[in-house]
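Structure first, then comments.
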Amino acid sequence: MATRDIVIIGGGIIGCTTAYYLTRHPSASSTKITLIEASAHGPAQGASGKAGGLVARWAYPKEIVDVSFEEHVKLAAEHNGKDCWGWRYVGCGSWEGRGEAVVPPEQDGIGGSKSLEKTLGLPRGQKPAARLHQPRKTNGRPRDLHWVKEELTDSYTPMAKDGETAQVHPYLFTTRMFELAKNEGLNYIRGKAISILKKDGSVTGIEYLNPITHEKESISATHVVLAAGAWSPTIVDDLPIAATRAHSITIRPKEGVAIAPYVLFTEILDPESSKTSSPEIYARPDDEIYACGSGDDCPLPPTVDDVVVDQPSCDLIQRQVYGISQQLREGTVEKRQACYLPTVSTGGGPIIGEASRIAKGLFIGTGHTCWGISNAPGTARALTELIMDGKVKCVNLKKLNPSVFL
């Protein structure tokens, strides 16, 4: 008979990675672990499948960064991350320059004004430490950054030392963690979690909507991990989580075109309008290019399957990145997509730990903004230690504890 009955709400990278660590804990044999996800298409349908995939030692917040990076390295070594989810080290820098005129889309996109340049959710919107102490700017692009036009480059500034920035393909990483957890006994339920059930101040289970019968059902639990990203406040009302919609595209270059491994945080000046745009551009191991723009405040839909893509906003990103790269301009846009990032509305975060003021046995892992991919393994390891061992040993999460935010 299981001594623990754990239910994880959310099949994103936090939920799936937590399931992976829980199923590999020495006490897992006496523990029932269940993951519930609302999407009809399975895990990783939101930001965890549509993000850029940056993994960085200079990420935010410092409490979770180092352990997360080291766990990424270990997971890649143990499970062949290079081939399974595109793990590799990359160059990362701030690129400034001018864009060339590109035929505009038929209509203007929503665009958005919320920065996703790895500052969203930082206290007072500050820049990461690595950017506050930048080395002196170079006069041009790195020699191997051939897919950005040299004549349009005003400056390139490395944002980190070699070995401090890596990447994963977020969809492949998340779904692989899910499959590895299933191989170790994880139970999976499709359904939309509605509420946390509790008695005498402790968790007793969750209530969810069965997508087949459309009836309310319940699952018993001694521990619940709330990892539903931007949808977490729909389950626990008091959570100070705001949702920001972000658009992105992926581009497939022509066959035979090699794309050097760089992540670029750009400042692109449009000579005609004198306006500056700041798309992020990620080169992936299979030569695919991922690019994302600023965020907007489009209301959060009922589930991840109901997310609406504003096509003109994707066209806007396309026009911006086409303006600095002939290789991208000659490629094919394969995906136009949108997702919602969970941000702690009061500043700081993410929120990681036991929310005992709400219910004993309720654990929260959300509010990671655009650093969810990078910080998922550290979050998962910390939650696993807290649930299975009674205390977190790998990091000090005092500043990220739910009691700080609730």
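Side chains are part of it too, since the values below use all heavy atoms of this structure and drop only hydrogens, waters and symmetry mates.
At most 12 heavy atoms of other shown residues, nucleotides or ligands fall within 6.0 angstrom of atom CG in D162. Within a 6.0 Å sphere centred on NZ of K149, heavy atoms belonging to other residues, nucleotides or ligands number more than 12.
Taking the six-membered ring for Trp and thresholds of 30 and 60 degrees, H72 and W87 have nearly parallel ring planes, at less than 30 degrees apart. Using bins of under 30°, 30° to 60° and over 60° for the plane-to-plane angle, the ring pair H79/W85 lands in the tilted bin. Ring geometry for F69 against Y89 counts as tilted: the plane angle lies between 30° and 60°, on a 0 to 90° scale.
Side-chain contact between S220 and D5 is present, with heavy atoms from C-beta onward closer than 4.5 Å. Residues T276 and D270 have side chains not in contact (no heavy-atom distance under 4.5 Å, counting atoms from C-beta outward). At a threshold of 4.5 Å between non-hydrogen side-chain atoms, the residues T250 and R252 do not count as touching. By the 4.5 Å heavy-atom criterion applied to side chains, T153 and V148 are counted as neighbours.
Residue pairs meeting the salt bridge (Lys or Arg N to Asp or Glu O under 4.0 Å) criterion with at least one member in residues 52-67, sequence neighbours excluded, are R57-D66, R57-E70.
No side-chain N or O of D286 forms a donor-acceptor pair with one of H169 less than 3.5 Å apart. Side-chain contact of W58 with T165: a donor-acceptor pair under 3.5 Å is present, judged by distance alone. The closest side-chain donor-acceptor pair between Y290 and E288, if any, does not fall under 3.5 angstrom. Side-chain contact, R88 with Q167: a donor N or O sits under 3.5 Å from an acceptor N or O. Counting only N and O atoms by type, the side chains of N401 and S403 include a donor and acceptor under 3.5 Å apart. Looking at E217 and N210, their side chains do bring a donor and an acceptor atom within 3.5 Å of each other.
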Step by step, would you call Q337 with S248 a side chain to side chain donor-acceptor pair (under 3.5 Å)? CA-CA 5 Å; Q337 55 196 11; S248 60; 3.1 Å; yes

Quick one, Q320 with Y322, criterion side chain to side chain donor-acceptor pair (under 3.5 Å). Give me CA distance, side-chain angles, the key distance, then yes/no. CA-CA 6 Å; Q320 291 166 353; Y322 274 16; over 6 Å; no

Start with the C-alpha gap between D144 and Y262, add the side-chain angles, then the distance that decides, and say whether side chain to side chain donor-acceptor pair (under 3.5 Å) holds. CA-CA 9 Å; D144 59 341; Y262 279 89; 2.5 Å; yes

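Salt bridge K74/E71: present, at least one basic N to carboxylate O contact under 4.0 Å. Note on D154 versus R98: salt bridge recorded, some NZ/NE/NH1/NH2 to OD/OE distance being below 4.0 Å. E385 and K393 are not joined by a salt bridge, as no carboxylate oxygen comes within less than 4.0 angstrom of a charged side-chain nitrogen.
With sequence neighbours left out, I268 forms a side-chain contact (heavy atoms from CB on, under 4.5 Å) with W95, T266, S277, P279, I324.
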